[in-house]
There are 2 protein chains.
Amino acid sequence: MKDIKHFLRQNSLRPTKQRVIIANYLFDGINKHVTAETLSNELLKMKAGISLATIYNTLHDFYEKGLLKKLMINSERIYFDTNTEHHHHFYSKKDQKLIDINVDMKVSGLPKPPKNKKINKIEVLVHLDN
Amino acid sequence: MKDIKHFLRQNSLRPTKQRVIIANYLFDGINKHVTAETLSNELLKMKAGISLATIYNTLHDFYEKGLLKKLMINSERIYFDTNTEHHHHFYSKKDQKLIDINVDMKVSGLPKPPKNKKINKIEVLVHLDN
DNA sequence: ATATCAGTTTAGAATGATTCTAATGTATTG
DNA sequence: CAATACATTAGAATCATTCTAAACTGATAT
Ligand SMILES: [Mn+2]
Ligand SMILES: [Mn+2]
Ligand SMILES: [Zn+2]
Ligand SMILES: [Zn+2]
């Protein structure tokens with residue numbers, strides 16, 4: 001991302017110091033899966049003292065602008081995904097790590113949804129053992 | 001379930017008053033998806049004053065004996081599933097409801113898992129719109 | 001049956017991720 | 001450089017869940 005400030009403005013987000021630092025980290029071209037905690041740790045490593053409140057605010061602001069996807073995989077924390085395309089995941093509970101599955105997968109044999117309900121999206125989660 | 005006490009003993013669980021009531025509700029032949037809260041509400045309806053601590057303890061005891069499956073679908077609560085067979089779900093976020101998909105579904109195009117990792121299980125979650 | 005003891009229940013405290021509050025700081029615009 | 005709307009923050013609050021430790025009960029042995 002060359003011009004993060006421009007990128008934030010394009011998405012109706014004021015380019016504050018904190019948002020610029022977080023956006024630079026998240027949108028560096030390498031897709032990431034972060035939690036508030038892992039992001040906080042990364043920011044501490046780069047000596048950016050950004051409060052947890054701001055980290056939560058920023059993740060949600062980015063999410064609302066469609067810059068992040070939310071993943072509800074684990075009932076003890078929320079993951080945010082910089083890959084906003086529809087895709088699936090490998091998940092290692094042991095490592096608490098997600099890995100993107102970007103290839104086309106097809107699910108066959110799906111029954112009809114219940115009356116008056118429409119399918120929004122199909123999510124495949126492949127649990128890994130070790 | 002005719003003899004719940006026997007069933008509990010078979011699973012190395014003492015048939016206490018509370019466990020009998022909860023098992024009778026959960027294993028009545030109709031598969032259910034419960035949270036501690038929904039279960040507590042059902043028990044209140046049948047005038048069984050069982051403490052939340054016991055509800056949590058019992059759900060986890062049953063889970064550890066393999067009588068329940070745990071579903072991590074929503075980051076704000078844990079669902080327990082009386083259907084312990086491998087199966088998939090429709091999920092309505094609006095209704096906070098899960099519906100079993102028992103038919104055989106096949107996922108094709110799955111890539112190889114990362115080095116040194118084995119696939120444990122594949123979970124398909126079909127999100128419904130309304 | 002009664003005693004004994006391990007296992008169970010429970011109220012209430014603790015935990016931990018997340019959200020809220022309200023005071024202070026800053027980006028934007030004229 | 002104001003004025004103002006928006007953003008950051010420390011700390012409190014929330015809420016599902018887990019923990020603690022005291023009282024209770026089912027199972028087993030006398
Ligand atoms: Mn987190
Ligand atoms: Mn619950
Ligand atoms: Zn992803
Ligand atoms: Zn189910």
Side-chain angles (χ1 to χ4, degrees), chain A residues 3-26 33-44 47-65 67-68 70-80 93 96, chain B residues 3-26 33-44 47-65 67-68 70-80 93 96:
Chain A
D3 193 352
I4 284 285
K5 293 195 181 186
H6 182 241
F7 169 74
L8 290 171
R9 279 201 201 87
Q10 274 183 321
N11 286 284
S12 317
L13 293 161
R14 276 198 195 172
T16 65
K17 192 160 46 137
Q18 293 84 345
R19 283 175 178 169
V20 167
I21 291 169
I22 293 175
N24 262 313
Y25 170 72
L26 290 177
H33 304 99
V34 303
T35 66
E37 193 195 6
T38 64
L39 178 54
S40 176
N41 290 339
E42 288 305 314
L43 294 169
L44 284 176
K47 297 171 193 309
I50 300 179
S51 77
L52 251 193
T54 298
I55 289 171
Y56 278 105
N57 289 340
T58 303
L59 286 171
H60 285 117
D61 293 343
F62 287 7
Y63 169 72
E64 299 210 311
K65 300 304 181 185
L67 307 179
L68 293 174
K70 234 190 246 190
L71 302 178
M72 313 298 219
I73 275 171
N74 181 309
S75 65
E76 36 219 20
R77 73 198 101 262
I78 297 171
Y79 285 91
F80 289 88
K93 187 186 172 119
Q96 299 273 299
Chain B
D3 193 354
I4 283 285
K5 293 195 183 186
H6 182 242
F7 169 73
L8 290 171
R9 279 200 200 88
Q10 275 183 323
N11 286 284
S12 316
L13 292 162
R14 275 199 196 171
T16 64
K17 195 164 40 143
Q18 292 85 346
R19 282 175 179 168
V20 167
I21 292 168
I22 294 175
N24 262 314
Y25 171 72
L26 289 177
H33 304 99
V34 303
T35 66
E37 194 195 4
T38 64
L39 177 53
S40 176
N41 290 339
E42 288 306 314
L43 294 169
L44 284 177
K47 297 172 193 309
I50 300 179
S51 77
L52 249 194
T54 297
I55 289 171
Y56 278 106
N57 289 340
T58 303
L59 287 171
H60 284 118
D61 294 343
F62 287 7
Y63 170 71
E64 301 212 312
K65 301 303 181 183
L67 307 179
L68 293 175
K70 232 188 246 190
L71 302 178
M72 311 299 217
I73 274 170
N74 181 307
S75 64
E76 37 219 20
R77 74 197 101 264
I78 297 172
Y79 286 91
F80 289 88
K93 186 187 172 119
Q96 300 274 298

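All of these numbers come straight from a predicted model, not from anything done at the bench. A note on names: the letters A, B, ... follow the listed sequences, proteins ahead of strands, and every chain is numbered from 1.
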request  = Output yes when at least one side-chain N/O atom of A:Tyr56 is less than 4.0 Å from OP1 or OP2 of C:dT19, else no.
outcome  = no
request  = Return no unless some side-chain N or O of B:Arg19 is found under 4.0 Å from OP1 or OP2 of C:dT8.
outcome  = yes
request  = Mind calculating the distance between CD1 (B:Ile21) and P (C:dT8) to the nearest angstrom?
outcome  = 16 Å
task = Rounded off to whole Å, could you give me the CG-to-C1' distance for the A:Leu13 and C:dT26 pair?
result = 16 Å
query = B:Arg77 has an atom CZ; how far is it from atom P of D:dT17, in whole Å?
reply = 8 Å
inquiry  = Among D:dT17, C:dT26, C:dA17, which nucleotide has an atom closest to any side-chain atom of A:Arg14?
reply    = C:dT26
ask   = What pair of heavy atoms forms the shortest contact from A:Tyr63 to A:Leu68, and how long is it?
value = CD1-O, 3.3 Å
remark   = Atom CD of A:Glu37 and atom P of C:dT15 are separated, to the nearest Å, by 17 Å
Nucleotide nearest A:His60 (side chain, heavy atoms from C-beta), chosen from C:dT9, C:dT19, D:dA16 = C:dT19
query = Please give, in whole Å, the distance from C:dT8 P to B:Phe62 CZ?
reply = 11 Å
ask   = Taking all atoms of both residues into account, what is the closest heavy-atom pair of B:Val34 and B:Thr38, and its distance?
value = CA-OG1, 3.4 Å
note = B:Arg9 has its side chain closest, among D:dT18, C:dT10, D:dA27, to D:dA27
request  = Quickly work out the B:Leu52 CG to C:dA11 P distance and round it to whole Å.
outcome  = 10 Å
request  = Take atom CD1 of A:Ile78 and atom C1' of C:dG16, then tell me their distance rounded to the nearest Å.
outcome  = 13 Å
request  = Could you pull out the closest heavy-atom pair between B:Met72 and A:Asn74, with the gap in Å?
outcome  = CB-CA, 4.3 Å
query = Starting at the 5' end of DNA chain C, which residue's closest nucleotide do you reach first, B:Ser51 or A:Tyr79?
reply = B:Ser51
message = Minimum heavy-atom separation for A:Leu8 and A:Pro15, please, with both atom names.
response = CD1-CA, 3.8 Å
request  = Check whether any side-chain N or O of A:Gln18 sits under 4.0 Å from OP1 or OP2 of D:dT9, and answer yes or no.
outcome  = yes
key: Listed nucleotide nearest any side-chain atom of B:Ile50, set D:dT17, C:dT10, C:dA17   = C:dT10
Short side-chain N/O contact to D:dT8 OP1/OP2 from A:Thr16, under 4.0 Å = yes
task = Would you mind listing every side chain to side chain donor-acceptor pair (under 3.5 Å) that reaches into residues 10-22 of chain B, with sequence neighbours excluded?
result = B:Arg19-B:Asp61
ask   = Considering only side-chain heavy atoms of B:Ala36, which listed nucleotide, D:dT17, C:dT10, C:dT28, is closest?
value = D:dT17
inquiry  = Applying a 4.0 Å non-hydrogen cut-off, can you work out what B:Asn57 is touching in the nucleic acid: base, sugar-phosphate, or nothing?
reply    = base
query = Looking across every strand, which nucleic acid part, if any, lies under 4.0 Å from A:Thr54 by heavy atom: base, sugar-phosphate, or nothing?
reply = base
ask   = CG of B:Asp61 versus P of D:dT18: gap in Å, rounded?
value = 12 Å
